[in-house]
Amino acid sequence: MGIGAPVVSLAGVSKRYANGTLAVRGVDMAIGQGDFVSLLGPSGCGKSTVLRMMAGLIPPSAGRIEMAAGGHASGDVGFVFQEPTLAPWSNALKNVMLPLRLAGVARSEAEARAAAALASVGLAGFEKSYPRALSGGMKMRVSIARALVTKPRLLLMDEPFAALDEITRHKLNNDLLTLWEAERFTAIFVTHSVFESVYLSRRIVVMAARPGRVVEDLSVDAPYPRGEVFRTSAAYAAHCRDISAALTRAMGE
Amino acid sequence: MSVVLSSNEAATAVEEHAERKVLGLTPDAWLRILMPTLIGFLALAAWEWAVQAKGIPNYILPGPIEIGRTLLADWGTLSGSLLITLQITFAALFVAALLGLALAVLFAQSRIIELSLFPYAVILQVTPIVAIAPLIFIWVDDIRIALLICAWIVAFFPILSNTTLGLNSADHNLVDLFRLYRANRWQVLRYLRLPTAMPYFLAGLRISGGLALIGAIVAEFVAGTGGRASGLAYRILEAGYQLKIPRMFASLVLISVTGIAIFLALSLISHLALRHWHESAMKERK
């Protein structure tokens with residue numbers, strides 16, 4: 001499983017918000033095609049800001065962000081927010097259809113693709129359910145299906161499982177890895193959980209706060225598929241210890 | 001390996017519990033209907049008793065039975081007036097809903113337009129209709145159009161302000177999502193802002209329904225007994241001059257019933273439109 005040419009690269013990227021806060025300073029980073037990268041750091045380290053800049057939702061104040069060809073076309077980037085962010089007035093199927101409808105895909109084709117995307121996240125049979133009738137984990141699954149329905153090259157996730165209970169989070173972590181292995185998108189995952197980042201990623205970028213910046217860039221060289229065996233292995237524990245230490249150094253600086 | 005939903009996750013999903021029902025309604029709904037009905041019946045009985053026992057003459061205070069009798073006897077005249085009041089009320093409500101919605105959409109598209117026009121909508125709202133109505137009756141020849149304008153002025157503002165608020169209340173993450181997918185202005189309006197504004201609009205409509213009726217009645221009072229209009233307010237004025245107090249009460253009953261009916265109808269529309277998703281249309285979870 002090789003990592004290809006950069007799908008997104010940042011060079012000297014800084015972000016200063018209108019109120020004067022310097023959220024991110026001088027970030028250099030290249031994310032290879034097919035990689036699974038976690039941005040790990042304490043709150044206020046600018047990891048969400050970096051993610052939003054990659055999505056093109058906010059412009060950088062300085063530096064360059066380059067996307068691989070086709071990069072910022074509609075549907076080439078998927079985004080999963082911390083909250084499920086579903087339209088409460090639409091059922092699960094219509095929510096997942098939204099990106100396709102916005103891109104002008106015909107209704108019948110959009111329906112078929114959205115149904116397939118829902119089935120791929122384990123929600124076959126819930127097409128007609130409204131968000132309020134779904135559990136927190138199921139809502140997040142709909143949100144992931146919506147992000148994947150356009151077959152994006154890059155999937156950006158902003159602490160998507162932070163509000164879920166631990167059992168559900170473990171299950172969704174496993175399912176996310178299954179989807180990643182099956183669909184070969186590039187994943188960038190923002191989290192503040194050391195354990196989650198080690199379990200999921202091939203590469204962990206540790207960030208520090210005030211101002212937000214990259215302090216360490218580490219790789220997790222455990223093979224996929226990863227499962228409960230990996231979660232209880234000595235290698236996993238060792239990685240968690242290393243990353244925790246890096247995070248402590250980042251916060252102590 | 002494929003992705004399958006765990007039972008733990010599915011178990012926490014909200015389930016609609018089937019409640020015990022009596023003749024199609026839950027016991028709670030029956031209580032909600034029966035208790036006010038009982039109180040109303042007791043009050044009417046006490047009223048009738050007081051009128052009979054004290055021998056109060058009809059031209060001071062008629063009893064409920066006499067009012068009911070008048071309502072039936074004068075139904076020919078009263079139903080015609082009711083129809084006219086209803087026409088004005090619904091026409092005003094319709095125009096208010098249409099213009100309120102259209103103007104709110106315009107406000108949502110441009111902050112400059114909103115900032116420049118909203119104060120005038122407020123001025124229109126805070127100026128008492130009784131004070132403007134005589135002017136409108138001077139300027140507008142057709143009395144029905146004049147009544148319609150008065151009722152519209154009263155009914156217009158809640159729809160405008162509520163819908164404007166609703167259109168600007170879209171979830172900011174959803175707004176970001178629409179930007180991510182390069183949605184154009186029309187798509188954002190159609191798929192995001194209008195659905196978000198729906199509960200706000202309907203709440204405004206419910207307030208405006210009652211206000212349109214009040215506006216129509218007040219305007220009729222101002223128009224007076226010129227003899228050109230003959231809505232329910234005109235009947236009240238007329239009956240007052242002729243000391244036909246039971247007929248005044250009968251007209252009053254019709255106005256109240258109309259107001260209640262409008263409120264219930266708009267509540268039903270609101271419930272039907274929102275029942276799948278909005279908290280306001282949900283039953284309380286116990």
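Numbered from 1 within each chain, the chains take letters A, B, ... in sequence-line order.
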Atom pair NE2/CZ of B/H278 and A/R132 - distance to nearest 0.5 Å | 12.0 Å
Check whether B/N173 gets within reach of chain A through its side chain, its backbone, both or neither, counting any heavy atom under 4.5 Å.
-> both
Part of A/T85 within contact of chain B (heavy atom distance under 4.5 Å) | both
Return the minimal non-hydrogen interatomic distance between A/G78 and B/L180, and the atom names on each side.
-> C-CD2, 4.4 Å
Out of A/G137, A/P88, A/A182, which one racks up the most heavy-atom pairs below 4.5 Å with chain B?
-> A/P88
A/F195 atom CZ, over 12 foreign heavy atoms within 6.0 Å = no
Could you tell me whether a side-chain N or O of B/R179 sits under 3.5 Å from a main-chain N or O of A/L57, the two making a donor and an acceptor?
-> yes
If we only count heavy atoms from C-beta on, is the B/H276 to A/N91 side-chain gap below 4.5 Å?
-> no
Assess whether atom OH of A/Y17 is packed by more than 12 heavy atoms of other residues, nucleotides or ligands within 6.0 Å.
-> yes
Pairwise side-chain contact, B/L177 with A/R146, heavy-atom cut-off 4.5 Å (strictly under) = yes
Could you tell me the separation between the OG1 atom of B/T196 and the CH2 atom of A/W89, rounded to the nearest 0.5 Å?
-> 3.5 Å
Counting heavy-atom pairs under 4.5 angstrom with chain B, the leader among A/I167, A/L98, A/L179, A/L123 is A/L98
Heavy-atom closest pair (B/D176 atom, A/R52 atom, distance to 0.1 Å) is OD2-NH1, 2.5 Å
Is A/R113 atom CZ crowded by more than 12 heavy atoms from other residues, nucleotides or ligands, each under 6.0 Å away?
-> yes
Heavy atoms of other groups near A/K171 NZ, more than 12 under 6.0 Å | yes
Okay, A/F79 and chain B: the region with an atom under 4.5 Å from a heavy atom over there is both
Pairwise distance CZ(A/R141) to CG(B/L5) - rounded to 0.5 angstrom | 5.0 Å
Look at atom CD1 of B/I112 and say whether more than 12 heavy atoms of other residues, nucleotides or ligands are closer to it than 6.0 Å.
-> no
If you measure from CG on A/N95 to CG on B/L174, what distance do you get to the nearest 0.5 Å?
-> 8.0 Å
Any side-chain heavy-atom pair from B/Y181 and A/T150 closer than 4.5 angstrom?
-> yes
